[in-house]
Undergrad: 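Here's a structure for you.
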Amino acid sequence: MAVRWVRAAAALSRRTLEGTLVRIGPETVLLSASASALLDVLERPHSAEEAADRLARATGTPAETVRADIDALLTDLAARGVVTSWP
Amino acid sequence: VAVTWRDQPLVVAIAAHGLDGAAASWPTSPLGREAWDRLVGVVARQRLQGLLAFAVADGALPVTDPQRAEVAARHRDAMTDVLHLEARLLDVAEALDGAGLDWRAVKGSATAHLDYADPSQRVFGDVDVLVPAAHLRDAVDALAGIGARRTRPPLGHGFEQRFAKSVELVDGDGCQIDLHRTLALEPFGLRITEDDLFGAPVRFEAGGRKLPALPVETRFLLACYHASLGNYPVRLVPLRDVAQIASCPTLDVDRVVTLARRWWARAVAADAVRTAWALFGLPADAPVARWAGGYAPTRRESAALSAFQRPDRRQAHRTAATLATLPGLRARAAYLRAVLRPDRAYLASRGLGAGQWLRRSRALVGRGWSR
């Protein structure tokens, strides 16, 4: 079964003109627009494929294009502790 | 207020951005360099970076590309600070919960999350929590465990639990944590009944915790206190908070008036609402505006209010107003004794001797009393 991802409960965040600002532990990071959109989707648990499909529908981007990027984005967000696997 | 902000309609428009029915006038083209620099300076001092960012994002305020980049950078910096404070609030929550204390998050984070369409609109500069008077000292002890220290010793034994609005703490990073005992300075704060503050809390989520806060009617009155009594000249964010919370569809105006009557706060609430409505050009048919427009303060209320709304000797006039309104001779004597004869540690923290303090206090109280 595919891993599902969700936004880390401990992450504090604010929206800015440049993207979402996230504080996790002592670190604050500014997410890109695409990472911010992914984080919005991951307010609820999704697999990478489900998240890619939702983002593709929301942005009108071809699903293949989103899927090609999403694994790298998720890896980066998980490494920063911004998203975690679910459950 | 009119005199202070009349010549800055754009700043007022930013402070009112997003309020239903606000009469804002926006420029039709980007500001020139000098006007822009002046604007962003005032916006920063008034902590309006969030509302400015939204006004730019919504297209209400036309800007050049460099101006947009500056707005984005200033908002990002302000939000970075806000997130630091919110993380500190979580530490405070853990410390107070760990000590088994009842508490409520007030102002900053609570207002941003509970009252604004997007918390990114609301900038704040410290951490504010409310604790019952009997547990004020326990709360100070609990927060020492996370590195927060008092900025000053108490004025006198038991003064803070009985008369003060709050105890100010600061941590190693310079983050200010205000431990409130009540919602306003004396004399108004002395009339607020604690049972009304520590009923069932509402909660907001931050960092995976459900933090306790005040119900919307109490948050509204807190915003009114802050707007009317907090600063002179009045600051824009507290006035925006008043209008923002008033727009909440669940706000029960009858409950607000009931609480305000019980707390001797009707004049404060009416003043804050009238000021916010006049400044932002809000529709006069809002229920809370209709009530405020019809409320006539008593002479004593007006006198107490005027102690705060003046540029000079606010402390002296506040002391005089408190003495005039404190019920009972014993309470007045205790208050006056504490004000005139503070503890040595307090005086040392101010770099004053007992004689200097007494001379200064007598002169100040005398001036305030004879206003």
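Letters go in sequence order (proteins before strands), and every chain restarts at 1. Values below: every heavy atom of this structure, side chains too, minus hydrogens, waters and symmetry copies.
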Undergrad: If the condition is side chain to side chain donor-acceptor pair (under 3.5 Å), which residues does B:R38 pass it with, not counting sequence neighbours?
TA: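 Scan of B:R38 (side chain to side chain donor-acceptor pair (under 3.5 Å), adjacent residues dropped) gives none.
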Undergrad: Tell me whether B:E94 at atom CD has more than 12 heavy atoms from other residues, nucleotides or ligands lying less than 6.0 Å away.
TA: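 No, CD of B:E94 has 12 or fewer neighbouring heavy atoms, counting only those of other groups under 6.0 Å.
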Undergrad: Examine whether an atom of B:Q121 lies under 4.5 Å from a heavy atom of chain A, and if so say whether it belongs to the side chain, the backbone or both; otherwise answer neither.
TA: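 Neither part; nothing is under 4.5 Å.
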Undergrad: Got a sec: does the CG of B:D20 have more than 12 other heavy atoms crowding it under 6.0 Å?
TA: no
Undergrad: State the CD-CG distance between A:E27 and B:L83, to the nearest 0.5 angstrom.
TA: 13.0 Å
Undergrad: Go through the atoms of B:A78 and report whether side chain, backbone, both or neither lie under 4.5 Å from a heavy atom of chain A.
TA: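 Neither part, no heavy atoms under 4.5 Å.
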Undergrad: Using non-hydrogen atoms and a limit below 4.5 Å, what part of residues 4-21 of chain A faces chain B?
TA: A:A9, A:A10, A:A11, A:L12, A:S13, A:R14, A:R15, A:T16, A:L17, A:E18, A:L21
Undergrad: Report the option among B:G50, B:A72, B:G208, B:A57 that has the most heavy-atom pairs separated by less than 4.5 Å from atoms of chain A.
TA: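 When all of B:G50, B:A72, B:G208, B:A57 are compared, B:A72 has the most.
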Undergrad: Tell me, side chain or backbone of A:L30 under 4.5 Å from chain B's heavy atoms, or both, or neither?
TA: side chain
Undergrad: Only pairs of heavy atoms separated by less than 4.5 Å count here; which of B:R209, B:H84, B:R68 has the most with chain A?
TA: B:H84
Undergrad: Looking at B:E34, I'd like to know if its CD atom is crowded, meaning that more than 12 non-hydrogen atoms belonging to other residues, nucleotides or ligands lie closer than 6.0 Å.
TA: no
Undergrad: Hey, which residues of residues 55-65 of chain A are touching chain B, say heavy atoms under 4.5 Å apart?
TA: none
Undergrad: Anything in residues 80-87 of chain A with a heavy-atom distance to chain B below 4.5 Å? Please list those residues in order.
TA: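 From residues 80-87 of chain A, none sit under 4.5 Å of chain B.
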